Amino acid sequence: KCEGMAENLNKAILFAEMNALENILYRGIPGSNQEAPLIPDELDAYKKNQLVLDNLVFRNGYKNYITGSEIIERHDANGIFVVQKVTFDIPALKKYLENNNIIRKFGL
């Protein structure tokens, strides 16, 4: 689950989805099967692969890896606030990161 807030519903959902992605990539999700981040060093990865990461995170490339996204809660006060349940195809996302030399393949 992730949260997003914006002036309209579409942007609030977008921010929640991006928040979920950034947690998976750079922080990990405690209590899940993805507790460790996929990218352990955000700054180093961004320095070496800025274009690839920008396309993934900020230019909606991550949408190729979303398997589900649904609103759990919505509040309309001073903008729109949503709690969004977002699921990702982690193996496919990991493969994308490996193929673009952002992370190393397991065992290498």
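Note that the structure is a prediction, hence the values are computed from the model and not measured. Residue numbers start at 1 and run along the sequence shown.
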Intermediate values then yes/no, side chain to side chain donor-acceptor pair (under 3.5 Å), Y96 and N64: CA-CA 10 Å; Y96 172 83; N64 295 324; over 6 Å; no
message: Using side chain to side chain contact (heavy atoms under 4.5 Å, CB included), reason through N60 and L14 one step at a time and then give a plain yes or no.
response: CA-CA 9 Å; N60 297 330; L14 175 75; 3.5 Å; yes
- prompt: Roughly how far, to the nearest 0.5 Å, is CG of N78 from CD of E7?
  reply: 13.0 Å
query: Are side-chain heavy atoms of L56 and Y65 found at a separation under 4.5 Å?
result: yes
query: Looking at A12 and A6, what are the two nearest heavy atoms and their distance?
result: N-CB, 3.5 Å
query: Got a donor-acceptor contact below 3.5 angstrom from the Q34 side chain to the A36 backbone?
result: yes
- prompt: Does the side chain of V83 come within less than 4.5 Å of I71's, by heavy atoms?
  reply: no
- prompt: Less than 4.5 Å apart, any side-chain heavy atom of L25 and any of V57?
  reply: yes
field: Residues forming a ring-ring contact (aromatic ring centres under 6.0 Å, His included) with F88, sequence neighbours excluded
entry: none
Inter-residue atom distance M18.CE - F58.CZ, 0.5 Å rounding: 5.0 Å
message: For a 4.5 angstrom cut-off between non-hydrogen side-chain atoms, does R27 reach E22?
response: yes
field: Nearest heavy-atom neighbours spanning Q84 and A16
entry: CB-CB, 3.6 Å
Minimal non-hydrogen separation, N19 against E3, with atom names: ND2-O, 3.5 Å
For N10, all residues meeting side chain to side chain contact (heavy atoms under 4.5 Å, CB included), sequence neighbours excluded: N8
field: Check: E17 and S69 side chains under 4.5 Å, non-hydrogen atoms
entry: yes
- prompt: Can you name the nearest heavy-atom pair linking G31 to E35, along with the distance?
  reply: N-OE2, 3.3 Å
task: Taking the side chain as every heavy atom from C-beta outward, state whether H75 and I80 have any pair of such atoms under 4.5 Å apart.
output: no
- prompt: So, D41 versus Y26: side-chain donor-acceptor pair below 3.5 Å or not?
  reply: no
query: Atom CG in L53, atom NZ in K47: separation rounded to 0.5 Å?
result: 13.5 Å
Nearest-0.5 Å distance, CD1 of residue I103 to NZ of residue K95: 10.5 Å
- prompt: Heavy atoms, side chains only, cut-off 4.5 Å: are N49 and N100 in contact?
  reply: no
field: L93 CG to L21 CG distance, which is reported to the nearest 0.5 Å
entry: 6.5 Å
message: Please give me the minimum heavy-atom distance between V82 and I13, naming the atom from each residue.
response: CG2-N, 4.1 Å
- prompt: If you measure from CZ on F81 to CZ on R74, what distance do you get to the nearest 0.5 Å?
  reply: 12.5 Å
